[in-house]
**Student:** 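There's a structure below that I have some questions on.
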Amino acid sequence: MRKLVLALIVILSVLVFSQQVTLRMIQVFTSPLRTKVLEDIISKFEAQNPGVKIELISPPYETAYQKIYLMVSAEEPLDIVEVGDWSLSALASMGKLLSLEPYLAKSELTKHLVPGVLEAARTYKGTAYLLPNAIYVKTLFYRPDVISKYGITPPAKTMDELLEHCRRLTKPEVGQYGFDFRGKGYPTAFIDIVMTSFFDDIDPNCMYLKRDGKLIFEDPRALEAIKFYIELFKTAPKDSINWGFDEQVNAFASGITPYLFQDPDTVGLLNEIMKEGTYKTAPLPIGRGGKAYPTIGFAGWGITSYSKYKDLAWKFLEFFNSPEINAYWCRDYGALPVDVRVYEIDPYFKSETFYGWTAMFEDEKHYQFTKYPLDNEAWSEWNELHETTMQQVLLGKMKPEDALKTWADFWKKAGLVKK
Amino acid sequence: MEEGRACEEVKRSKLWILMLVPTFALVFFVNLYPLVRGGVISFQRLTVFNLNNPRFIGWNNYRTILSDPAFPRLLWNTFVWIACSVTFQFLFGLILALLLAKPFFGRGLYMGLVFYPWALSGFAIGLLWSWLLNGQFGIVNDVLIRLGLLRTPIGFLSDERFAMFSVILVNVWYGIPFFAIMLLAAIQSIPSELYEAAQIDGAGFFRKLFSVTLPYIRPTIYSTVLLRIIWVMNFPDIIYGMTRGGPAGATNILSVQMINIVYYRNNFGLASALGMIITAILTIFAVIYLAVLERGEFEL
C-alpha cells in the first residue's frame with residue numbers, strides 16, 4: 001500500500017513539474033524570412049529552458065496592428081507583444097503594457113545599449129514599455145554600376161547634387177530614371193527627409209517644430225523644400241506615385257532608379273536578389289540648411305501587464321538581446337543592432353554595406369537625430385492626410401502653399417504647438 | 001399517415017422551438033449582433049487610444065463624414081465603380097453563358113479555366129494585377145509597346161485618367177464567372193420544347209434570345225444583379241490591393257475609405273459610422289429596386 005502511495009506521489013509530481021509553461025508571443029512585421037529567424041531563436045531559448053514553450057503568432061502585416069490592439073484590449077492570452085515605434089503610444093495608453101523599468105534597472109544589458117536607444121524606448125511618458133532589439137534609420141542606397149555609366153562617381157552628398165544627378169540620369173526613352181520615389185503606403189518619412197534638410201533649426205525632440213517652437217510648415221523654407229520635392233519627383237517614373245515598398249525595391253534592384261532612401265531591413269532583401277557590390281550605401285544627402293535630420297525608428301518586444309509569466313517573458317527578452325542572438329537577428333533580418341558589443345563581435349556591421357549609417361552616426365555636426373510626434377493621437381491620421389495631400393500636390397491638383405497650410409492647421413488642431 | 005402524426009407530435013411538444021434555436025443563434029451572432037454593435041459604435045468616440053472607455057458623442061462621427069469635402073467624390077466614385085463593374089460583368093457573363101449552353105468538345109476544361117478567377121481572393125487579384133498593370137515594369141505595358149500600339153508606357157494605376165478604368169477592368173474580369181455560372185444554370189433549366197416551338201415558328205437567334213431565353217431567366221437576372229450591386233459596393237479588396245484608393249483619391253470608394261479609416265486613423269467609431277451609411281444606402285436602394293420590379297411580375 002505504502003509503495004503504491006509513493007509511486008502515485010512520484011507520478012503526480014512528475015506530471016506537475018513537467019507541465020509546460022507556454023508563452024504566447026505575437027509579431028507585427030511578418031515575412032517568411034523573418035518568421036524563420038524568429039522560430040530559430042525561439043527554439044534555442046526553448047532548448048536552454050526545458051519546460052518552456054513559446055507559441056508564435058504571425059498575423060499578416062497589413063492587419064497585425066489591428067489584431068494586437070484588439071487582442072490586448074480584450075486581455076486575450078498574450079505574454080510578449082511586438083511593439084514598434086508607431087504602435088507604442090497606442091498600446092501604452094491602453095495601460096496593457098508592463099513598465100520594463102524595474103527589469104532594466106537590474107539588467108546588465110542596459111549598459112551596452114547604443115546611445116539613444118533607451119531614450120527612444122521611453123518615448124511614451126518617459127517610461128520604457130519595450131526593449132528595442134533593432135533600430136532603423138534611413139540612409140541613401142545607390143547603384144554604383146548604374147550611375148557610373150552616366151559619369152557620376154561619388155554619390156550625391158547634398159540634396160542639390162542629388163537632384164542634379166537624378167536629372168542627368170533621367171532618360172525615359174531608355175527606361176532610365178533617377179530617384180526611387182515613394183508615393184503610397186506611408187510616404188511620410190520620405191517626404192520629411194527632404195523637407196527637413198532645408199532647415200538648420202529643427203527641434204531635436206520633434207521633427208515638425210523649429211527650435212523656436214513654431215511649425216516648420218509655416219516657414220518659407222518649407223515651400224522651397226516642397227517645390228524641390230516636386231522637381232525630384234520629375235526624375236522618377238510617373239508611376240511611382242502609386243509605389244510602395246515592393247515597387248521601390250524592385251525599381252532599385254532592376255536599376256531603373258539608382259538612388260533610394262531606405263531602412264536597413266532593405267539590406268536583407270537586396271542581398272537575396274542582387275550580386276555583392278552592385279549596391280552601396282552613403283550618408284543621407286545634406287540639404288540647403290546644411291544638415292539632414294534622420295529619425296531612429298525602433299522595434300522590440302514588450303510584455304503585457306496581465307501576463308502570468310512576466311519574469312519568464314523578461315528572460316526571453318534578455319535572451320533575445322544577448323549579443324550573439326541580437327547579431328544573428330539583425331544580420332539575417334537586416335537591421336542595426338542595439339547592443340554596442342555586436343558591432344565588435346560581428347565585423348559584418350562594420351563592412352562597406354553599412355558605410356552610410358556609420359558615417360552618419362559619426363558626423364554629429366551634419367546629422368542631427370530628431371523624433372516624430374508619435375505620442376500624439378493624431379499621428380496615424382496624419383499619415384493618411386500627408387499621403388493624399390502630397391499626391392494631390394504632385395499631380396498638380398493642389399498648390400504647395402495650400403498643402404502647407406493644411407498641414408500646419410492639422411498640427412495646430414492636434415495641439416503640437418505649445419503656447 | 002405516420003408522417004402526419006409525427007408532425008403533430010413535434011408541434012404539440014414545442015420541439016420545433018428548440019429546432020429553430022441553432023438557426024436563430026447563428027443569425028443573431030453572425031449578422032444581427034455585429035450590425036447592432038456597429039450601430040452603437042458609430043455613435044461613440046472609439047479609437048485605439050480609448051478602446052476600453054468609449055464615450056458617446058451623438059451624431060459627430062456622421063457629421064465628420066458627411067461634411068468631408070471629399071465625400072461627394074467618394075459617392076460618385078462608388079457609383080461609377082458599381083455601375084460600370086456590374087454592367088460589364090453582366091454583359092460578358094451573359095455572352096459566356098450563352099456560348100457555354102451548348103455542349104462542345106473540351107467544354108468542361110474550358111469552363112474550369114473561365115470560372116477560375118471567381119475562386120481567387122480579391123486581395124490577391126488586386127496584388128497580381130497591380131504588378132501586371134505597373135506603369136514601369138508591368139507586362140501589359142510591355143506587350144502593348146512591343147505590339148507597336150503604345151510609344152511610352154501608360155500609368156494605369158498612377159494616372160488619374162486611367163486608374164478608375166483599370167480597377168474596374170480587373171473587377172469585370174473577376175466578376176464575369178459569377179454571372180456566367182448563375183445564368184448558365186438558369187438557361188439550362190429552360191425546357192427544350194420552347195426552343196423547338198420557336199424553331200417551328202421560324203424564330204432566329206435574336207428572336208429566340210429575346211422572346212424565350214431572357215424572359216425565362218428574368219427572375220435570375222433580377223436577383224443576381226441585385227446581389228452583385230450589394231457585393232460590389234461592399235468589395236474593397238481589389239481597389240485596396242491595387243491603389244488603396246489613390247492616386248489622390250481617384251479610385252477611392254466608400255468601402256475602401258472605411259478600411260483606410262481603420263488602418264490609418266485607427267478610428268473605429270468613424271469607420272462604423274461610414275459602415276452604417278453604406279448599409280443605409282444599400283437598404284434604400286434594395287427597397288426601391290424590389291418595389292419597382294414587383295410592379296412587373298417579379299418573383300424571387
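Residue numbers begin at 1 in each chain, while the letters A, B, ... track the order of the sequences. In this text, all values refer to a predicted model and were calculated from it rather than measured experimentally.
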**Student:** Which of the residues B/Thr152, B/Ile154, B/Asn252, B/Val262 is involved in the greatest number of heavy-atom pairs with chain A at under 4.5 angstrom?
**Tutor:**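 The option with the most such pairs is B/Val262.
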
**Student:** Heavy-atom distance under 4.5 Å to chain B: side chain of A/Glu247, backbone, both or neither?
**Tutor:**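 Both parts, backbone and side chain.
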
**Student:** Which bit of B/Phe162 comes within less than 4.5 Å of chain A, counting heavy atoms only: side chain, backbone, both or neither?
**Tutor:**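 Neither the backbone nor the side chain of B/Phe162 comes within 4.5 Å of chain A.
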
**Student:** Below 4.5 Å, heavy-atom pairs only: which of B/Arg151, B/Arg244, B/Glu160, B/Arg265 has the largest tally toward chain A?
**Tutor:**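 Between B/Arg151, B/Arg244, B/Glu160, B/Arg265, the count favours B/Arg265.
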
**Student:** What part of B/Asp159 gets within 4.5 angstrom of chain A, counting heavy atoms only: side chain, backbone, both, or neither?
**Tutor:**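 When you check distances to chain A, no heavy atom of B/Asp159 falls under 4.5 Å.
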
**Student:** Does a sphere of radius 6.0 Å around NZ in A/Lys171 hold more than 12 heavy atoms from other residues, nucleotides or ligands, not counting ones at 6.0 Å or beyond?
**Tutor:**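 Counting neighbours around NZ of A/Lys171, more than 12 heavy atoms of other residues, nucleotides or ligands fall under 6.0 Å, so yes.
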
**Student:** Which value, rounded to the nearest 0.5 Å, describes the distance between A/Asp246 atom CG and B/Leu127 atom CG?
**Tutor:**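 If I round to the nearest 0.5 Å, the distance is 8.5 Å.
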
**Student:** For the candidates A/Trp382, A/Tyr177, A/Trp379, which exhibits the highest count of non-hydrogen atom pairs separated by less than 4.5 Å from chain B?
**Tutor:**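 Greatest number of close heavy-atom pairs with chain B: A/Tyr177.
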
**Student:** Could you tell me whether a side-chain N or O of B/Gln136 sits under 3.5 Å from a main-chain N or O of A/Ala251, the two making a donor and an acceptor?
**Tutor:**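 Not at all, since once roles are kept as given, no pair shorter than 3.5 Å links the two residues.
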
**Student:** Assess the side chains of B/Ser158 and A/Asn242: does a donor N or O sit below 3.5 Å from an acceptor N or O?
**Tutor:**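 Judged by distance alone, the side chains do not pair up.
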
**Student:** Which region of A/Tyr65, side chain (C-beta onward) or backbone (N, CA, C, O), has a non-hydrogen atom less than 4.5 Å from a non-hydrogen atom of chain B, or is it both or neither?
**Tutor:**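 Contact with chain B: none, neither part.
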
**Student:** For A/Ser87, which atoms come within 4.5 Å of any heavy atom of chain B: side chain, backbone, both, or neither?
**Tutor:**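 For A/Ser87, neither part sits under 4.5 Å from chain B.
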
**Student:** My understanding is that only one of A/Ile241, A/Asp239, A/Leu394 makes a side chain to side chain contact (heavy atoms under 4.5 Å, CB included) with B/Pro247; could you say which?
**Tutor:**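 The residue from A/Ile241, A/Asp239, A/Leu394 that satisfies side chain to side chain contact (heavy atoms under 4.5 Å, CB included) with B/Pro247 turns out to be A/Ile241.
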
**Student:** Any salt bridge between B/Arg45 and A/Glu377, counting N to O under 4.0 Å?
**Tutor:**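 A/Glu377 and B/Arg45: salt-bridged.
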
**Student:** Is the CD1 atom of B/Ile139 crowded by more than 12 outside heavy atoms at less than 6.0 Å?
**Tutor:**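 Not buried by this count: 12 neighbours or fewer within 6.0 Å.
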
**Student:** Would you mind telling me which of A/Lys397, A/Gln392, A/Lys238, A/Met398 has the largest number of heavy-atom pairs within less than 4.5 Å of chain B?
**Tutor:**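 Most heavy-atom pairs under 4.5 Å with chain B: A/Lys397.
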
**Student:** Got a second to check how far B/Met242's CE is from A/Lys184's NZ, nearest 0.5 Å?
**Tutor:**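 Reported value, rounded in 0.5 Å steps: 9.0 Å.
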
**Student:** Has B/Phe88 got more than 12 heavy atoms of other residues, nucleotides or ligands less than 6.0 Å from its CZ?
**Tutor:**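 No, CZ of B/Phe88 has 12 or fewer neighbouring heavy atoms, counting only those of other groups under 6.0 Å.
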
**Student:** Does B/Phe24, at its CZ atom, have more than 12 non-hydrogen atoms belonging to other residues, nucleotides or ligands within less than 6.0 Å?
**Tutor:**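 Open: at most 12 neighbouring heavy atoms sit under 6.0 Å from CZ of B/Phe24.
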
**Student:** Contact part of B/Phe137 toward chain A, heavy-atom cut-off under 4.5 Å: side chain, backbone, both or neither?
**Tutor:**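 For B/Phe137, the side chain is the part near chain A, not the backbone.
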
**Student:** Is it the case that over 12 heavy atoms from other parts of the model lie below 6.0 angstrom from the OH atom of A/Tyr150?
**Tutor:**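 Counting other residues, nucleotides and ligands, OH of A/Tyr150 exceeds 12 neighbours.
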
**Student:** For A/Lys371, I'd like to know if atom NZ has over 12 heavy atoms of other residues, nucleotides or ligands within 6.0 Å.
**Tutor:**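 Yes - once you tally the heavy atoms of other residues, nucleotides and ligands closer than 6.0 Å, there are more than 12.
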
**Student:** Out of A/Ser73, A/Gly175, A/Ser93, which one racks up the most heavy-atom pairs below 4.5 Å with chain B?
**Tutor:**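 Heavy-atom pairs under 4.5 Å are most numerous for A/Ser73.
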
**Student:** Hey, which of A/Leu395, A/Thr389, A/Leu70 has the most heavy atom pairs under 4.5 Å with chain B?
**Tutor:**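 Top option by heavy-atom pairs under 4.5 Å: A/Leu395.
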
**Student:** Nearest 0.5 angstrom please: A/Met94 CE to B/Asn53 CG, how far?
**Tutor:**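 Here the interatomic distance stands at 11.0 Å.
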
**Student:** More than 12 non-hydrogen atoms from neighbouring residues, nucleotides or ligands closer than 6.0 Å to CH2 on B/Trp231, yes or no?
**Tutor:**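 Count over threshold, so yes.
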
**Student:** Please classify the contact between A/Trp243 and chain B as side chain, backbone, both or neither, with a heavy-atom cut-off of under 4.5 Å.
**Tutor:**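 Side chain of A/Trp243 only, per the 4.5 Å heavy-atom cut-off to chain B.
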
**Student:** Working to the nearest 0.5 angstrom, can you tell me the gap between A/Ser380 OG and B/Ile261 CD1?
**Tutor:**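 That separation rounds to 12.0 Å.
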
**Student:** Check the pair B/Gln257 / A/Glu384 against side-chain contact (heavy atoms from CB on, under 4.5 Å), numbers first and verdict last.
**Tutor:** CA-CA 11 Å; B/Gln257 177 69 3; A/Glu384 189 198 14; 3.9 Å; yes

**Student:** Assess whether side-chain hydrogen bond (donor to acceptor under 3.5 Å, both in side chains) is satisfied between B/Asn266 and A/Gln66, documenting all intermediate values.
**Tutor:** CA-CA 8 Å; B/Asn266 291 311; A/Gln66 305 305 323; 2.8 Å; yes

**Student:** Can you tell which part of B/Thr243 gets under 4.5 Å to a heavy atom of chain A, answering side chain, backbone, both or neither?
**Tutor:**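 Both backbone and side chain of B/Thr243 come within 4.5 Å of chain A.
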
**Student:** Step by step, would you call B/Trp131 with A/Asn250 a side-chain contact (heavy atoms from CB on, under 4.5 Å)?
**Tutor:** CA-CA 11 Å; B/Trp131 284 109; A/Asn250 208 307; 3.6 Å; yes

**Student:** Aromatic ring centroids of A/Tyr186 and B/Tyr264 under 6.0 Å?
**Tutor:**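 Aromatic pair counts; centres sit under 6.0 Å.
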
